[in-house]
Amino acid sequence: MKLDYKSKSWCWPVLLCIAAILLAMLKEIWEARFPEKWLYFQIVELIIIIGSIILLYVLFTGHKRTTGELITSNQKLNSIFGTLDVAIWSHDMKTDKLLISAGIEKLYGRSLDEFYRDHSLWKKVIYKEDEYVLKTREESFNARQPATSVYRIVLPDGEIRWIQDRGIPAFNEDGQMISFTSVLLDITLRRESEDRYRSLVEMSPDIIAVVSRGKLDYINDTGSRLVGAGNPRELIGKPAVQFVPSQTLESVKEKILGEWNKETEKLRFEIEAVRINGEVMDVEVSAMPIIYEGRRAWHIVGRDITERKKTEKTIQHMAYYDSLTGLPNRNMLNRKLNSILNNPGDKSLAVIFLDLDRFKLINDTKGHTTGDLLLRKAGERLTYSVQNEGVVSRQGGDEFLILLENTDKQKAEKVARRILDSFAPPFYLDMEEYFITPSIGISLCPADGEDQDTLIKHADNAMYLAKDAGKNTFRFYSRDLDNMSMRKMELEKGLRKALEQKEFFLQYQPQVELGTGKVIGVEALIRWRHPVLGIVPPNEFIPLAEETGLIVPLGEWVLKEACRQNRCWQKAGCTPVPVAVNISVRQLQEDSFIEMLQKIIAESGLSPQYLELEITESIMQNIERSSLILNELKKLGLALSIDDFGTGYSSLSYLKHLPIDRIKIDKSFIDDIMDPLNHGSIVKAIIDMSLNLRFEVIAEGIENAEQVHFLLQNSCEIGQGYYYRKPLDANEIEHFLLEDHSFLPATPEITKKER
């Protein structure tokens with residue numbers, strides 16, 4: 001059915017509806033393409049409304065048209081309606097005349113005749129769940145208001161379509177409805193698009209919100225959950241400052257206002273947001289300007305990056321801080337040092353390289369847990385000593401590096417002395433006392449170098465000089481140290497090949513009865529004949545062997561050679577005597593040590609009673625494990641002695657828990673016998689306590705008759721030293737043993753004891 005445009009009774013409402021439709025469509029297009037130019041659209045909208053009124057006035061106030069013109073207009077309007085998914089339903093209440101545009105067939109999939117036959121057909125096809133809109137429309141009409149309804153309809157083939165129904169009633173002066181017009185639009189595509197968008201928004205793992213005038217106009221479920229709200233409705237209308245600290249919000253506002261008038265599609269920034277319970281979270285935000293319900297607003301998309309930021313901080317911390325002590329690590333200190341050296345200005349600084357004496361021993365005997373605790377405590381003492389004068393870092397293991405800025409030699413020495421003083425008191429770990437001391441090397445910039453590697457290397461070299469000076473002290477770098485470092489490197493390199501090249505050999509120092517000079521045993525002492533450097537003193541290569549771990553294979557070789565040689569002496573007819581071999585704590589930590597020792601004894605054919613193991617008192621750092629190991633060794637029939645007693649920090653009372661046969665008094669205490677102040681008081685105390693515990697006592701490092709006389713007076717009957725003989729080769733020892741000679745005091749000048 002075609003509309004009859006000659007009838008003026010329906011033209012006003014129809015044309016007004018057409019204008020409203022066109023205006024609505026134009027508004028949607030405008031807002032979609034130019035959201036920021038909403039003011040311009042208001043002006044355009046006003047112009048269209050005024051133009052429509054003028055047009056209608058011209059059409060219906062006396063301007064005559066020919067029949068041909070009306071027919072042409074009729075055809076144009078029908079053409080417009082035919083191209084749009086629009087239907088018009090007009091009902092004149094006075095004449096009860098119903099006019100329906102042909103577009104309804106396209107919208108509903110039914111013919112015009114069906115609607116003319118059944119005026120309520122449009123209600124019957126409404127989707128059941130949307131029938132509530134009928135009541136809402138009726139309430140609006142009763143209130144003499146137009147109503148816009150959105151509902152679904154069911155097509156004959158079962159397809160569901162969305163309809164927007166704009167109902168416009170007209171009333172007379174008595175308030176009676178005299179006409180009714182509906183403009184029906186198919187909004188299925190738009191609605192599906194909106195649903196898809198809404199689904200994406202609500203299912204998004206990100207925060208999606210709209211903010212205008214400093215308040216939340218919209219927020220999705222993810223956003224509400226993230227801030228701790230029960231549902232989004234609780235947050236609508238809340239001020240943004242409730243969730244973002246005011247200071248942060250102000251900086252964000254400045255950035256937003258600065259970008260509003262620029263051609264910026266999107267802003268990105270990170271902020272700290274506050275949950276309802278007060279917890280702070282890190283949020284990565286993207287913001288874009290939009291028009292929301294006719295006003296300027298910001299579309300916000302945010303993501304909770306709290307865990308990511310924590311991970312980044314953790315990675316950053318791991319990259320520049322030591323995980324054990326919490327101190328800056330090698331990377332951080334190198335970065336700091338390079339920054340100072342590369343910047344112009346005063347570069348007077350000191351680099352302190354520090355190594356913990358005896359730490360390796362404690363770590364090996366007591367385990368890594370104790371070692372780690374000790375490193376933490378050491379780091380705390382270093383930090384306290386340095387205070388705010390520099391940066392303390394852990395380089396790895398038991399090595400620490402300290403950087404002092406704007407300093408000189410005097411200031412560096414002052415800090416070094418504070419460090420030494422701070423390590424004087426014992427460390428208390430798990431109710432036990434531990435003593436460790438630092439060896440400190442210092443290099444100065446620019447005197448000792450002007451680059452990072454040189455300064456650290458020179459401080460390291462100076463630290464080894466401090467160790468050679470007896471440890472628990474400090475030394476400054478000097479150019480003479482370069483030669484010492486080169487020697488150390490050459491020794492370490494050669495040490496790795498020395499066993500293979502058979503450069504080691506043993507010498508033996510007799511142990512005698514002080515009263516008779518009779519030989520009752522020998523101590524095996526290792527020597528190294530370097531192909532270039534000649535004879536290398538044991539005090540040079542033994543510490544290197546300990547550091548590199550070569551002490552284990554080296555110690556095994558000493559045991560094999562000593563047992564083999566003693567058995568050879570016996571086969572040659574010598575008077576059998578035990579041979580004493582020094583064993584490091586590092587060797588005892590090997591799980592296979594006892595098995596290895598049994599194999600050596602068996603292969604050599606030596607009776608276990610002729611092998612004595614000398615162990616330093618540091619083994620008592622782990623009394624439980626030491627007791628187990630030494631008892632196993634004792635079961636093999638070996639003799640056990642504590643070597644260099646008194647140089648460590650253990651007590652004689654510990655010894656009663658160990659199967660020890662002998663106590664060897666260290667040479668440093670024997671030297672004190674001649675001291676006019678001490679008069680050998682320490683030696684006398686050690687002898688008395690040892691005899692009370694039923695240990696045999698042997699003095700080492702005897703160099704004169706006065707020492708022998710004092711020892712005999714205080715019931716020490718066995719000793720060794722240059723006073724009797726320096727260490728001898730195997731054939732020289734064999735000669736004395738074959739003749740069963742007694743060792744009379746040696747006549748040559750006494751030199752430093754070789755150990």
Side-chain angles (χ1 to χ4, degrees), residues 28 31-33 35-36 38 129-130 150 152 160 162 187-260 264-316:
E28 286 191 13
E31 289 183 348
R33 296 193 60 182
E36 72 283 2
W38 58 277
E129 293 181 6
D130 295 345
V150 175
R152 288 166 289 182
I160 306 296
W162 281 94
I187 60 168
T188 302
L189 294 178
R190 189 185 78 187
R191 186 65 185 227
E192 289 176 351
S193 177
E194 289 175 354
D195 288 345
R196 282 194 297 270
Y197 176 76
R198 185 179 297 105
S199 177
L200 290 172
V201 168
E202 294 304 329
M203 294 176 64
S204 172
D206 296 332
I207 305 166
I208 298 177
V210 176
V211 178
S212 69
R213 295 179 295 195
K215 295 183 179 181
L216 275 175
D217 289 337
Y218 170 80
I219 189 167
N220 65 348
D221 286 335
T222 300
S224 66
R225 286 197 304 272
L226 217 54
V227 300
N231 59 71
R233 290 188 298 275
E234 296 178 18
L235 304 176
I236 302 304
K238 299 286 185 182
V241 73
Q242 182 175 333
F243 308 103
V244 181
S246 56
Q247 186 176 357
T248 303
L249 198 60
E250 285 302 318
S251 63
V252 171
K253 280 182 179 179
E254 289 178 10
K255 188 169 185 178
I256 286 176
L257 291 174
E259 297 292 338
W260 178 270
T264 303
E265 292 185 1
K266 190 182 296 183
L267 297 178
R268 293 183 184 275
F269 45 86
E270 292 181 6
I271 62 171
E272 284 190 345
V274 182
R275 294 187 173 96
I276 290 175
N277 62 5
E279 291 180 3
V280 177
M281 61 177 174
D282 294 296
V283 181
E284 183 181 66
V285 173
S286 296
M288 186 167 61
I290 61 170
I291 299 298
Y292 186 79
E293 295 182 351
R295 58 182 177 272
R296 295 201 304 180
W298 281 90
H299 184 204
I300 304 295
V301 177
R303 177 169 296 177
D304 182 4
I305 57 170
T306 306
E307 291 304 318
R308 191 185 82 188
K309 297 291 281 188
K310 286 181 181 177
T311 302
E312 289 174 356
K313 288 178 182 177
T314 300
I315 293 172
Q316 179 79 0

Would you please test W162 and L189 for side-chain contact (heavy atoms from CB on, under 4.5 Å) and show each step?
CA-CA 8 Å; W162 281 94; L189 294 178; over 6 Å; no
Walk me through whether V150 and I187 qualify under side-chain contact (heavy atoms from CB on, under 4.5 Å).
CA-CA 9 Å; V150 175; I187 60 168; 3.8 Å; yes
Contacts of type salt bridge (charged side-chain N to carboxylate O under 4.0 Å, His left out), residue [X], not counting sequence neighbours:
X	answer
E279	R275
R152	E129, D130
K215	none

Among all residues two or more places apart in sequence or in another chain, which pass the side chain to side chain contact (heavy atoms under 4.5 Å, CB included) test with R225?
D221, T222
Which residues pass the side chain to side chain contact (heavy atoms under 4.5 Å, CB included) test with T306, not counting sequence neighbours?
M281, D282, D304, K310
Minimal non-hydrogen separation, [X] against [Y], with atom names:
X	Y	result
E234	K238	O-CE, 3.1 Å
I300	A287	CD1-CB, 3.6 Å
V283	A273	CG2-CB, 3.8 Å
G223	I207	CA-CG2, 3.8 Å
A209	L216	CB-CD2, 4.0 Å

Y218 and V211: CA distance, side-chain angles, deciding distance, side-chain contact (heavy atoms from CB on, under 4.5 Å) verdict
CA-CA 7 Å; Y218 170 80; V211 178; over 6 Å; no
Any salt bridge between R308 and E270, counting N to O under 4.0 Å?
yes
Salt bridge or not between R268 and E284? Use side-chain N to carboxylate O under 4.0 Å.
no
Tell me every residue that passes side-chain hydrogen bond (donor to acceptor under 3.5 Å, both in side chains) with S212, counting only those two or more places apart in sequence or in another chain.
D217, R295
Going from OG1 on T314 to CD on E312, what distance comes out if it is rounded to the nearest 0.5 angstrom?
10.0 Å
Got a second to check how far I208's CD1 is from R303's CZ, nearest 0.5 Å?
10.5 Å
Report the C-alpha distance between V285 and F269 in whole Å, list the side-chain angles of each, state the deciding distance to 0.1 Å, and finish with yes or no for side-chain contact (heavy atoms from CB on, under 4.5 Å).
CA-CA 5 Å; V285 173; F269 45 86; 3.7 Å; yes
